[in-house]
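Report on the following structure.
In listed order, ligands and their atoms are each counted from 1. Numbers for residues simply follow the sequence, beginning at 1. The figures that follow rest on heavy atoms only: side chains count, while hydrogens, waters and symmetry mates do not.
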Amino acid sequence: MANLKIDKSDKIYVAGHNGMVGSALVRGLQKRGYSNLLLRTRKELDLLNQGSVFSFLQKENPRYIFLAAAKVGGINANNTFRGQFIYENLAIETNIIHGAYLAGIKELNFLGSSCIYPRDCEQPMKEEYLLTGPLEPTNEPYAISKIAGIKMCESYNRQYSTHYVSSMPTNLYGPNDNYDLNTSHVLPALISKAHQAKVQEDKQLVVWGSGKPMREFLYVDDAADALIHMMENNLAEGIFNIGTGEEVTIRELAEIVMAVVGFKGEIVFDTNKPDGTPRKLLSVEKLKKLGWQAQTKLKEGIEKSYQDYLENHEN
Ligand code: GFB
C-alpha cells in the first residue's frame with residue numbers, strides 16, 4: 001500500500017491529456033471532484049526532452065502521475081514506424097519515471113498495453129505470463145518499450161521504495177480516437193470505412209487480414225475508471241490488466257459496426273494485410289478482486305463512438 005490516501009485537492013499530473021486515454025482520465029477525475037489537475041500540451045512541454053521534463057517535475061512536484069503519454073497506433077503504424085515507436089516510448093517513459101524519482105514523487109501509474117504478453121500466450125493472459133515467450137513481430141518494438149517501462153517501475157520500487165504501478169489495458173476505443181486509416185486501430189477504422197461506404201452507397205467493406213483474429217475491446221471511459229480506482233485503492237506495486245474479459249473475432253466486430261452504422265453491404269477480406277496476434281484476451285481477475293469491473297457493453301460503446309465520429313471526426 002502507498003502511504004496516504006489521495007485527497008481531492010492533491011495535484012495530479014496527467015501526461016498525455018490530449019490523447020484518447022488521457023482525455024478520458026481528465027473527464028473521469030473531474031467527474032469525481034479532483035480539482036487540481038496538472039496538464040501540459042505537447043507545445044508547452046516536450047516529453048522527449050529530458051531536461052524539460054526533469055525541471056517541470058521538480059518545479060510542479062505533483063502528488064500522483066498518470067503516465068498516459070505514448071506513441072500509439074494500430075497494426076500498420078506499429079509495423080511501419082518501428083524506430084519511432086521504440087525510441088519515443090522509451091524516451092517518454094525514462095524521462096517521466098526517472099524525473100519523478102528525482103523529484104521525490106512517490107506515486108505513478110504507468111500505462112502499457114496487452115501486446116506486452118507473448119504472441120502465443122496461454123489465454124486468458126495473466127499478469128505473471130509476462131516474458132514467458134516471444135512477442136508478436138508486428139508490434140515488437142512498441143511491446144519492448146512498454147516492457148522496459150514496467151521493469152523500470154518494478155526496479156525503482158525495489159531500489160528506491162517508490163510506489164510505481166503498471167496498467168495493461170486491452171484494445172481501447174472511444175471519444176478522441178484516431179480515424180486515420182493508415183495509422184488507426186481496427187475499431188475506428190471500421191467505423192470510418194462503414195460510414196463512408198454507406199454514404200457512397202458502396203457494395204463492399206474491406207476488412208484487413210482474415211477476419212479470424214480475436215480481440216477484446218474496452219471503452220476508454222471504463223479504462224479511465226479502472227485507473228482512478230487503482231489510485232483510490234492506493235496500489236503500490238505490480239502489473240494490473242484492464243479489460244472486459246470478453247472477445248470477438250474481427251469478422252464479428254465488422255458485423256456489429258455495420259449494424260450500428262447501418263451499412264448493409266458485404267465484407268471482403270484483404271489478406272495481403274497482416275492478422276497480427278491470433279488472440280489476446282486478458283485475465284481481469286486481479287482488478288476484479290479489487291472491486292473493479294468494466295461497465296460498457298461493446299455495442300453500446302460502438303454506438304457512442306459512432307456518435308463521436310459523426311460529431312467530431314467525419315471530416
Ligand atoms: O487494432 P489493430 O490495428 O491492432 O488490428 P492489433 C486488429 C486486427 O484488426 C488485426 C484487423 O488483425 C487487423 O488486421 N483489421 C481489419 C484492421 N481491418 C482493419 C483496419 O481497417 N484497420 C486496422 N488497423 N486493422 C495493436 C498493436 O495491435 O493494438 C499495438 O499493434 C497495441 O501494439 C494495440 O497493442 C492495442 O490489436 O493487432
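If you check the side chains of S23 and N176, you find a donor sitting under 3.5 Å from an acceptor.
Under 4.0 angstrom from ligand 1, the non-hydrogen atoms of K280 all belong to its side chain. Proximity of W208 to ligand 1, defined as any heavy-atom pair under 4.0 Å, is shared by backbone and side chain alike. Of all the heavy atoms of N139, the ones lying under 4.0 Å from any atom of ligand 1 belong exclusively to the side chain. Contact annotation for I250 and ligand 1: only side-chain heavy atoms (C-beta onward) come within less than 4.0 Å of the ligand.
Ligand 1 lies nowhere less than 4.0 angstrom from a heavy atom belonging to T138. Residue contacts with ligand 1 leave out T277, since none of its heavy atoms falls under 4.0 Å from the ligand. In this structure, R215 has a heavy atom closer than 4.0 Å to ligand 1. Put simply, part of V207 is less than 4.0 Å from ligand 1, judged by heavy atoms.
In terms of protein heavy-atom proximity, atom 17 (C) of ligand 1 is closest to V186 CG2, 3.4 Å. The closest protein non-hydrogen atom to atom 30 (C) of ligand 1 is N78 ND2, 3.4 Å. Here the heavy atom of the protein found nearest to atom 12 (O) of ligand 1 is D275 O, 2.6 Å. Given atom 4 (O) of ligand 1, the protein heavy atom at minimum distance is I75 N, 3.6 Å.
Taking the six-membered ring where the residue is Trp, Y160 and Y101 present parallel rings, their angle staying beneath 30° rather than reaching 60°.
Relative to atom 36 (C) of ligand 1, the option among L181, T170, N171 with the closest non-hydrogen atom is N171. Remark: among candidates S113, S184, G74, the nearest residue to atom 24 (N) of ligand 1 is S184, based on non-hydrogen atoms. Counting heavy atoms only, P274 comes closest to atom 13 (C) of ligand 1 of the residues G276, G209, P274.
When each of R279, K280, R215 is paired with E247, the salt bridge (charged side-chain N to carboxylate O under 4.0 Å, His left out) condition holds for R279 and for no other.
A cation-pi contact, defined as under 6.0 Å to the ring centre and within 45° of the axis, links K286 to F240.
The aromatic ring centres of H195 and F263 sit 6.0 Å or more apart. Y64 has its ring centre less than 6.0 Å from the ring centre of F66.
Remark: side-chain polar atoms of N157 are paired, donor with acceptor, to backbone N or O of Y164 under 3.5 angstrom.
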